[in-house]
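For the single chain, residues carry numbers from 1 onward in sequence order.
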Amino acid sequence: QVQLVESGGGLGQAGDSLRLSCAASGGTFSTYVIGWFRQAPGKNRELLVAINRSGGSTSYADRVKGRFTVSRDNAKNTVYLQMTSLKPEDTAVYYCAATTPSRVVRRQFDYWGQGTQVTVSS
């Protein structure tokens, strides 16, 4: 079973950049597909991007495509989310989650981090 810990959140202004990290332990990290989600107050949690086990394939939600970039370093058991051109509407708690390739097609993620807050002011 893998444990996930997010870091890198904080305060920023519109137009700023932030990089989030998702560090994994307790499992074979390279066997998991990793997704980044966010949940803003009063809104449903949304999937932003998923990255496959090797890091060679990614899938982005339209609202972050071109602004957010996901990458992973399996040697460090870490996935990163580089966020640029931040907007106030990006304010949310950001989560990473892990699943297997067979379950990601149904957006079923089994292991979750505790989340990290990102707040963007105008």
Side-chain angles (χ1 to χ4, degrees):
Q1 181 171 339
V2 64
Q3 291 84 46
L4 303 173
V5 178
E6 302 94 337
S7 62
L11 301 175
Q13 294 186 324
D16 283 353
S17 298
L18 281 175
R19 189 177 80 158
L20 306 183
S21 297
C22 172
S25 62
T28 306
F29 179 69
S30 60
T31 65
Y32 293 100
V33 175
I34 303 296
W36 279 101
F37 293 76
R38 70 184 180 191
Q39 187 166 21
K43 295 187 177 181
N44 293 329
R45 185 174 59 198
E46 60 176 334
L47 175 62
L48 302 177
V49 61
I51 185 166
N52 74 341
R53 293 173 294 177
S54 69
S57 179
T58 58
S59 178
Y60 291 88
D62 287 343
R63 67 182 63 210
V64 300
K65 196 175 297 183
R67 295 193 300 125
F68 291 9
T69 303
V70 66
S71 61
R72 69 189 293 164
D73 185 339
N74 286 342
K76 295 183 178 180
N77 288 353
T78 303
V79 172
Y80 304 98
L81 184 66
Q82 179 69 48
M83 306 186 295
T84 63
S85 301
L86 285 167
K87 305 174 182 180
E89 51 264 44
D90 293 320
T91 295
V93 178
Y94 285 70
Y95 301 88
C96 62
T99 189
T100 60
S102 62
R103 291 173 63 78
V104 70
V105 293
R106 296 185 293 275
R107 298 195 174 189
Q108 294 173 334
F109 285 78
D110 302 304
Y111 307 103
W112 293 82
Q114 83 289 348
T116 185
Q117 176 71 47
V118 172
T119 303
V120 183
S121 61
S122 57

Original post:
Should the pair Arg53 and Phe29 be classed as cation-pi, given the thresholds of under 6.0 Å to the six-membered ring centre and 45° from the axis?
Top reply: no
Original post:
Do the side chain of Asp73 and the main chain of Thr78 share a donor and acceptor less than 3.5 angstrom apart?
Top reply: no
Original post:
Crowded around Arg107 CZ? As in, over 12 foreign heavy atoms under 6.0 Å?
Top reply: no
**OP:** May I ask you to decide if Asn77's main-chain N or O and Asn74's side chain share a donor-acceptor pair within less than 3.5 Å?
**Re:** no
Original post:
Does Gln13 reach the main-chain N or O of Ser121 with its side chain, forming a donor-acceptor pair under 3.5 Å?
Top reply: no
Original post:
Mind checking whether Trp112 and Phe37 have parallel, tilted or perpendicular rings, split at 30° and 60°?
Top reply: tilted
Subject >> hydrophobic_cluster_shared for Leu18 and Tyr95, side chain cutoff 4.5 Å >> reply: no
Original post:
Does any N or O in the side chain of Ser21 come within less than 3.5 Å of the main-chain N or O of Gly8, such that one atom is a donor and the other an acceptor?
Top reply: no
**OP:** State yes or no: do Ile34 and Leu48 share one hydrophobic cluster built from I, L, V, M, F, W and Y residues joined by side-chain heavy-atom distances below 4.5 Å, directly or via other members?
**Re:** yes
Subject >> Atom pair OG1/CG of Thr84 and Asp16 - distance to nearest 0.5 Å >> reply: 10.5 Å
Original post:
Which heavy atom of Ala24 sits nearest a heavy atom of Leu4, and at what distance?
Top reply: CB-CD2, 3.7 Å
**OP:** Could you tell me the separation between the CG atom of Leu47 and the OH atom of Tyr60, rounded to the nearest 0.5 Å?
**Re:** 11.5 Å
Original post:
Side-chain heavy atoms under 4.5 angstrom apart, residues restricted to Ile, Leu, Val, Met, Phe, Trp, Tyr: same cluster for Tyr32 and Val104?
Top reply: no
**OP:** Supply the atom-to-atom distance Asp90 CG to Thr119 OG1, rounded to the nearest 0.5 angstrom.
**Re:** 11.0 Å
Original post:
Judged by atom type as modelled, is there a donor-acceptor pair below 3.5 Å linking the side chain of Thr99 to the main-chain atoms of Val33?
Top reply: no
Original post:
Which atoms form the tightest heavy-atom contact between Ala92 and Arg38, and what is the distance?
Top reply: CB-CB, 3.8 Å
Subject >> Distance, nearest 0.5 Å, that separates CE of Met83 from OG1 of Thr69 >> reply: 11.0 Å
Subject >> side-chain contact (heavy atoms from CB on, under 4.5 Å) assessment of Leu20 paired with Val118 >> reply: CA-CA 9 Å; Leu20 306 183; Val118 172; 4.0 Å; yes
**OP:** Determine the minimum heavy-atom distance between Thr31 and Pro101, stating which atoms define it.
**Re:** O-CD, 4.1 Å
**OP:** Using atom types as modelled and distance alone, determine if a side-chain donor or acceptor of Glu6 lies under 3.5 Å from a backbone N or O of Thr116.
**Re:** no
Original post:
In the single-linkage hydrophobic clustering (I, L, V, M, F, W, Y; side-chain heavy atoms under 4.5 Å), do Leu81 and Tyr111 co-cluster?
Top reply: yes
**OP:** Using modelled atom types only, decide if a donor and an acceptor are shared between the side chain of Thr91 and the backbone of Val120 within a distance under 3.5 Å.
**Re:** yes
Original post:
Is it true that the side chains of Arg19 and Tyr80 contain a donor and an acceptor less than 3.5 Å apart?
Top reply: no
Original post:
CD1/Ile51 to OG/Ser57 distance, rounded to the nearest 0.5 angstrom?
Top reply: 8.5 Å
**OP:** Determine the minimum heavy-atom distance between Gln82 and Ser17, stating which atoms define it.
**Re:** NE2-CB, 3.9 Å
Original post:
Should Lys65 and Asp62 count as an ion pair when the cut-off is N to O under 4.0 Å?
Top reply: yes
**OP:** Identify the heavy atoms of Asn52 and Arg72 that sit nearest to each other, and give their distance.
**Re:** O-NH1, 2.7 Å
Original post:
Any Lys/Arg nitrogen of Glu46 or Arg63 sitting under 4.0 Å from an Asp/Glu carboxylate oxygen of the other?
Top reply: yes
Original post:
What are the two closest non-hydrogen atoms of Gly35 and Phe109, and how far apart are they?
Top reply: N-CE2, 3.5 Å
Original post:
To the nearest 0.5 Å, how far apart are CZ in Arg103 and CD in Gln108?
Top reply: 4.0 Å
Original post:
When the ring centroid of Trp36 is compared with that of Phe68, is the distance short of 6.0 Å?
Top reply: no
**OP:** Using atom types as modelled and distance alone, determine if a side-chain donor or acceptor of Ser54 lies under 3.5 Å from a backbone N or O of Gly56.
**Re:** yes
